[in-house]
Amino acid sequence: MVDHEKVKEAVRLLLEGIGEDTGREGLLETPERIAKMYEEIYGGMDEDAGEHLSKVFSVDNSEMVLEKDIVFYSTCEHHLMPFYGKAHVAYIPNGKVVGLSKLARTVEVYARRPQIQERMTGQIADAIMQHLKPQGAMVVLEAEHMCMTMRGVKKPGSKTVSVAARGVFQDNAALQTQFYHMLHD
Ligand code: ZN
């Protein structure tokens with residue numbers, strides 16, 4: 001849970017630290033606005049992916065399931081700046097599948113907290129492995145990081161791509177190729 005008083009005090013100090021006048025009209029409500037906003041954008045810290053991935057359905061087939069272009073917004077923990085983009089989540093069932101919206105929910109659980117993209121990618125794949133016990137899972141995230149593009153370190157629009165492969169995806173080039181074919185169809 002967000003401690004509103006602490007966040008408000010911190011935002012006031014932050015504004016003072018950059019030389020702002022926290023008493024001017026436009027900034028008066030800013031600490032409270034940010035505290036409220038943090039309830040939502042850091043809401044994933046109070047959530048467990050298991051809540052979303054525990055409701056499974058039995059199936060006979062074991063063909064790859066891919067949910068692609070799941071839009072997400074997260075916060076870089078090094079700069080507290082947004083990074084955002086798309087998640088592509090695939091798994092090969094082992095008798096059990098989960099509702100497709102639950103994969104998007106799982107992405108949100110890990111996006112809505114201070115993050116680094118590489119860890120988030122692995123956490124999504126690990127949650128699917130843990131709760132669905134599939135033959136394998138593969139997750140690709142492509143995101144633009146404001147801490148990079150806003151400071152001109154990189155060109156705007158440039159993307160960081162991260163991959164996590166688990167289970168049968170780990171050392172099976174044919175499966176990975178199938179994943180990328182489905183992704184770009
Ligand atoms: Zn950053």
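The first residue in the sequence is number 1, and the count goes up from there. Just follow the structure's listing: the first ligand is 1, and inside any ligand the first atom is 1.
H79 contributes ND1 as its N, O or S atom closest to the Zn ion (ligand 1).
At least one side-chain heavy atom of L141 sits less than 4.5 Å from a side-chain heavy atom of I124.
With a cut-off of 2.8 Å, the Zn ion (ligand 1) has no N, O or S atom of H78 in range. The nearest N, O or S atom of H145 is not closer to the Zn ion (ligand 1) than 2.8 Å.
Judged purely by atom type and a 3.5 angstrom limit, E144 has no side-chain atom pairing as donor or acceptor with the backbone of K159. Proximity of a side-chain donor or acceptor of E51 to a complementary backbone N or O of D48 within less than 3.5 Å is detected.
Salt bridge status for E108 with R112: present, with a side-chain N to carboxylate O gap under 4.0 Å.
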